[in-house]
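Fair warning: this is a prediction, and the values are worked out from it, not measured in the lab.
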Amino acid sequence: MSLAGGLLSVLVASGISYAARPHWVPVLISYAIGALLGAAFLEVLPHAIEAAESPEKAAMNILAGILLFFVLEKLVLWRHCHDEGCAGHEQHNHGHGHGHGGHEHGRSGLLILVGDTFHNFVDGVLIAAAFVESTPLGIVTALAIIAHEIPQELGDFLILLHSGYSRRKALAFNLLSSLATLVGGILAYFALSEMQQLVPVFLALAAASMIYVAVADLIPGLHKRTELRATAQQVLLIAAGIASIVFAHPLAERALG
């Protein structure tokens, strides 16, 4: 059931993304930002704070996570600089608005995959814990996770496409990341108490990745279009992304809370 929970949400989200035309992807990034921020602040952060020893400890974990993803992004940039030459990298940074967007945002896709893997692992732990309690609760929990993961997985898939991944690669990496749900479920089933102790840390890292990618990598790209119509469109799509998480929230709360 852990595997089904991870794979189904990815397949439904990627199916919706496949229907989107390629030129829609930069526009739908605004939706992805809303889905990421909605998932981070409405789903993951409350659970991270609840699971931690104290709100202060949860906040420290999230801060550490943001710093970790900053360092990870630096490592990706340094590798790019080493591979293509620093002079080329400087030009690329100043000129990515003219056709270099895929490379510029490529690191966003990597950071999203890392954070999503942590999140999927925690989902697997939650499903296993629910099944240990009772089979009906386990089934309801898995269904709730599928429902509330779909908007976020859709956002992740769009970010991977925006980062220069092909549709096939984006689907493959998303499916690979979803296997962390199965790993979390298996480990939790056999070592539930130990896994539950790590849940607050994994939740904090998942939230940190969502916030960091949305605020540090994706939102600055929206500011390149300053006209009123584009700004209104961006605000509406961000709100739609948040709303999709809000609508899925009550189902997840009933099962997971």
Side-chain angles (χ1 to χ4, degrees), residues 6-7 9-10 13-14 17 22 25-26 28-37 39-40 44 61-86 88-90 92-93 95-97 99-124 149 151-181 183-184 201-222 241:
L7 293 180
S9 56
V10 170
S14 59
S17 300
V25 173
L28 291 176
I29 283 299
S30 298
Y31 168 86
I33 290 168
L36 279 179
L37 292 177
V44 185
N61 287 337
I62 293 158
L63 277 174
I66 289 172
L67 182 60
L68 173 69
F69 284 103
F70 172 77
V71 172
L72 180 61
E73 185 170 27
K74 279 290 186 187
L75 291 173
V76 174
L77 287 171
W78 282 333
R79 182 183 173 191
H80 174 82
C81 185
H82 177 73
D83 289 347
E84 297 191 19
C86 291
H89 181 241
E90 287 303 315
H92 151 89
N93 271 344
H96 69 269
H100 299 295
H103 295 295
E104 173 67 16
H105 292 287
R107 59 189 188 273
S108 303
L110 174 64
L111 298 179
I112 276 296
L113 285 171
V114 172
D116 200 32
T117 301
F118 286 125
H119 194 195
N120 289 335
F121 182 88
V122 172
D123 285 344
E149 280 286 304
Q152 187 214 316
E153 293 290 352
L154 175 58
D156 292 351
F157 198 87
L158 290 166
I159 291 165
L160 290 175
L161 295 180
H162 187 58
S163 298
Y165 290 76
S166 67
R167 288 173 186 261
R168 186 176 295 178
K169 274 190 176 178
L171 176 59
F173 279 120
N174 249 348
L175 288 172
L176 193 63
S177 173
S178 73
L179 291 178
T181 307
V183 174
V201 177
F202 285 128
L203 284 172
L205 289 172
S209 76
M210 294 174 193
I211 295 167
Y212 183 85
V213 168
V215 174
D217 282 347
L218 299 180
I219 287 178
L222 299 188

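Residues that satisfy the side chain to side chain contact (heavy atoms under 4.5 Å, CB included) test with Ile33, not counting sequence neighbours, are Ile29, Leu37, Ala214, Leu218, Ile219, Leu222, Ile238. A search for side chain to side chain donor-acceptor pair (under 3.5 Å) contacts involving Ser209 returns nothing, not counting sequence neighbours. Looking at residues two or more places apart in sequence or on another chain, you find a side chain to side chain contact (heavy atoms under 4.5 Å, CB included) between Leu72 and Phe69, Leu111, Val114. Judged as a side chain to side chain contact (heavy atoms under 4.5 Å, CB included), and not counting sequence neighbours, the contacts of Ala35 are Tyr31. Here Phe202 pairs with Phe118, Phe121 under the ring-ring contact (aromatic ring centres under 6.0 Å, His included) rule; sequence neighbours left out. Ile66 is linked by a side chain to side chain contact (heavy atoms under 4.5 Å, CB included) to Ile62, Ala208, Tyr212, counting only residues two or more places apart in sequence or in another chain.
Between the CG atom in Leu110 and the CD1 atom in Ile159 there is a gap of 12.5 Å [rounded to 0.5 Å]. Rounding to the nearest 0.5 angstrom, the gap separating the CG atom in Leu176 from the OG1 atom in Thr117 is 7.5 Å. Between Ile112 atom CD1 and His119 atom NE2 the span is 11.5 Å, to the nearest 0.5 Å.
The side chain to side chain contact (heavy atoms under 4.5 Å, CB included) test with Met210 is passed by exactly one of Asp116, Leu205, Val44, Val215: Val44.
Side chain of Asn120 to backbone of Ser177: a donor-acceptor contact under 3.5 angstrom is found.
The two residues Ala40 and Ala207 come nearest to each other via the heavy atoms CB-O, 4.2 Å.
For the residue pair Thr181 / Asp123, no side-chain donor-acceptor distance below 3.5 Å is found, with atom types taken as modelled.
Looking at Asp156 and Leu113, their side chains never come closer than 4.5 Å, going by heavy atoms from C-beta outward.
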